[in-house]
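Read the structure below first, then the notes.
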Number of protein chains: 2
Amino acid sequence: MKNRLRVLRAERDWSQADLAQALGVSRQTVNALETGKYDPSLPLAFKIADLFELAIEQIFERPSADNQSASND
Amino acid sequence: MKNRLRVLRAERDWSQADLAQALGVSRQTVNALETGKYDPSLPLAFKIADLFELAIEQIFERPSADNQSASND
DNA sequence: TCTTTTTGTAAAGCATGCTTGACTTAAACA
DNA sequence: TGTTTAAGTCAAGCATGCTTTACAAAAAGA
């Protein structure tokens, strides 16, 4: 799932460490998010959205509709 | 983190199993989300938002700003 | 050039998200 | 009353999110 973190951060001239501190997560987490290693949890996505004063949908790109089934009893 | 899943589901007269199937997750996952056992991943939150044609912010309530620090090198 | 800052990455470990299978209880209904 | 459907929950297990510590390499600045 792609995101605009690197751009939003660059617009503010923040380092990954700066952003990490503002979000209350580690620098490695910010790096992992920017390099697409994994997606944030929903609570962290909310923090990010709040910090940049944007909707979650404006920062994170919808995943490409997966179509995976779960057997469901 | 609270959410409006149970209400949105009730408005459509769906069972937890119906919703689970529409989302491609297990019934237990839907139940856990409704009963507040945990929050969905961001990709699942997007699926939910897409299904109900609402923004994530309209379904999930912002968490109460945690203020936890991470040591950061 | 030398030094500092920033970014990327890795490994180990703990917490959370989600699965399957199974069981219980209550409500709906024949 | 007996049967079925819906909801709640538990346990074990695997996948993902995030931590700390550590190191390497690129970029920025003296």
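Proteins get letters first, then strands, A, B, ... in listed order; numbering begins at 1 in each. All heavy atoms count here, side chains included; hydrogens, waters and symmetry mates do not. All values reported here derive from a predicted model rather than from experimental measurement.
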Roughly how far apart are [X] [atom1] and [Y] [atom2], rounded to 0.5 Å?
X	Y	atom1	atom2	result
I59(A)	I48(A)	CD1	CD1	7.0 Å
L19(A)	L51(A)	CG	CG	6.5 Å
D39(B)	L44(A)	CG	CG	12.0 Å

Length of the line joining [X]:[atom1] and [N]:[atom2], which is rounded to integer Å:
X	N	atom1	atom2	value
Y38(A)	dA15(C)	OH	P	16 Å
R9(A)	dT5(C)	CZ	P	17 Å
L5(A)	dG8(C)	CG	P	12 Å
D39(B)	dC18(D)	CG	C1'	15 Å
E34(A)	dC18(D)	CD	C1'	16 Å
L19(B)	dC18(C)	CG	C1'	15 Å
D13(B)	dT5(D)	CG	C1'	13 Å

Problem set entry | Presence of R6(B) side-chain N/O under 4.0 Å of dA6(D) phosphate oxygens OP1/OP2 |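 Result: no.
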Exercise. Counting just side-chain N and O atoms, does N31(B) come under 4.0 Å of either OP1 or OP2 of dA7(D)?
Worked result: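 So the side-chain polar atoms of N31(B) never come under 4.0 Å of the phosphate oxygens OP1 or OP2 of dA7(D).
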Between [options], which one does the side chain of [X] approach most closely?
X	options	answer
R27(A)	dG17(D), dC18(C), dC23(D)	dC23(D)
S26(A)	dG8(D), dT19(D), dG17(D)	dT19(D)
Q16(B)	dG8(C), dT19(C), dA7(D)	dA7(D)
S15(A)	dG17(D), dT7(C), dG17(C)	dT7(C)
Q28(A)	dT19(D), dG8(D), dA22(D)	dA22(D)

Exercise. Mapping T29(A) and K37(B) to their closest nucleotides on DNA chain D, which lands nearer the 5' end?
Worked result: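 Whichever sits nearer the 5' end wins; that is K37(B).
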For this session: Kindly say whether W14(B) contributes a backbone atom to a donor-acceptor pair with the side chain of R9(B) at under 3.5 angstrom?
Result: yes
Exercise. Within a radius of less than 6.0 Å around CD of E53(B), do more than 12 heavy atoms belonging to other residues, nucleotides or ligands occur?
Worked result: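 Check fails, neighbour count at 12 or below.
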